[in-house]
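Scroll down for the structure; my scribbles are underneath it.
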Amino acid sequence: APYSNYNQYVDIAAPGGNMDVDYDGNGYPDGVLSTLSRIGSAGIEHYYDFSPGTSMAAPHIAGVIALMESVHDFTPGELNELIASGSITTDLGSNGRDNEFGIGMINANNSLASALSINSGNPIPTNPILGLSTDKLNMGVVTTSSTFETFNVGTGDLLVTSVSSSSDSVT
């Protein structure tokens with residue numbers, strides 16, 4: 001989020017939300033979708049809505065760490081080592097650690113896989129998953145190209161053997 005802190009003290013990132021943009025092109029602001037409640041005419045109403053803020057990022061980190069702790073009783077030092085290793089994050093920004101995203105964005109899948117591996121003594125199972133920087137591409141009728149990033153959101157090495165494109169329109 002553009003209003004968040006950026007400096008050498010950032011260790012890890014989490015979704016914070018920016019309600020002014022729709023970078024992923026899904027028609028919704030890039031806030032964090034969450035459950036909310038309000039008092040309405042029929043009593044308490046529960047609903048979903050997007051919210052911005054680093055106060056949305058902190059529960060992401062706490063929730064993932066709680067999942068990890070449910071599997072293995074980590075010391076603060078062990079958690080610091082896991083964060084520094086990059087094994088529980090997805091790298092964002094410049095390769096490796098940077099002052100904007102720290103070591104990367106928390107990845108719940110990788111975090112839980114690491115916790116299970118540490119607890120059992122077995123290696124992390126290989127499960128590469130292709131991720132894209134946007135959930136859909138719409139180049140319209142006049143645009144002939146688009147830029148996006150691919151990355152591995154799973155574990156192990158991701159091998160892309162071919163890339164193809166089509167001019168066919170799917171509606």
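Along the sequence shown, residues are numbered consecutively beginning with 1.
No single ILVMFWY cluster, assembled from side-chain heavy atoms under 4.5 Å apart, contains both Ile65 and Leu67. Placement of Leu116 and Phe74 in two distinct hydrophobic clusters is found when ILVMFWY residues are connected by side-chain heavy-atom separations under 4.5 Å, directly or transitively. Cluster annotation: Leu112 is not connected to Ile83 through the hydrophobic network of ILVMFWY side chains, with a link wherever side-chain heavy atoms come within less than 4.5 Å. With hydrophobic clusters built from ILVMFWY side chains whose heavy atoms lie under 4.5 angstrom apart, Val64 shares a cluster with Ile118. Residues Ile103 and Leu79 are members of one and the same hydrophobic cluster, defined by side-chain heavy-atom contacts under 4.5 angstrom among Ile, Leu, Val, Met, Phe, Trp and Tyr.
In this structure, the side chains of Phe50 and Leu33 come closer than 4.5 Å at one or more pairs of heavy atoms. Looking only at side-chain heavy atoms (C-beta outward), Val21 and Met19 stay at 4.5 Å or farther from each other. Counting only heavy atoms from C-beta outward, the side chains of Ile12 and Ile106 approach each other to under 4.5 Å. Between Met105 and Leu92 the shortest side-chain heavy-atom distance falls below 4.5 Å. In this structure, the side chains of Met56 and Ser34 come closer than 4.5 Å at one or more pairs of heavy atoms.
Taking a 6.0 Å sphere around CG of Asn7, one finds it holds more than 12 heavy atoms contributed by other residues, nucleotides or ligands. Residue-environment remark: OH (Tyr47) exceeds the threshold of 12 foreign heavy atoms within 6.0 Å.
Across all non-hydrogen atoms, the minimal contact from Pro52 to Ser55 is O-OG, 4.4 Å. Between Ile61 and Ala13 the shortest heavy-atom distance is CD1-O, 3.9 Å. Between Asp91 and Gly96 the shortest heavy-atom distance is OD2-N, 2.9 Å.
Without hydrogens or angle criteria, Asn107 side chain to Ile88 main chain gives no donor-acceptor distance under 3.5 Å. A donor-acceptor distance shorter than 3.5 angstrom exists from the side chain of Ser120 to the backbone of Asn122, with no hydrogens or angles considered.
In terms of the side chain to side chain donor-acceptor pair (under 3.5 Å) criterion, Asp98 has no residue partners (sequence neighbours excluded).
We find the CE-CD distance between Met68 and Glu78 to be 9.5 Å, quoted to the nearest 0.5 Å. The CZ atom of Arg97 lies 6.5 Å from the CG atom of Asp11; values are rounded to the nearest 0.5 Å. To the nearest 0.5 Å, the span separating OH on Tyr28 from CG on Asp22 amounts to 10.0 Å. The distance from atom OG of Ser37 to atom CG of Asp49, rounded to the nearest 0.5 Å, is 12.0 Å. One finds the OG1 atom of Thr35 at 9.5 Å from the NE2 atom of His46 (value rounded to the nearest 0.5 Å).
Sorted by first and then second residue, the pairs that involve residues 110-119 and meet side chain to side chain donor-acceptor pair (under 3.5 Å), not counting sequence neighbours, are His72-Asn119.
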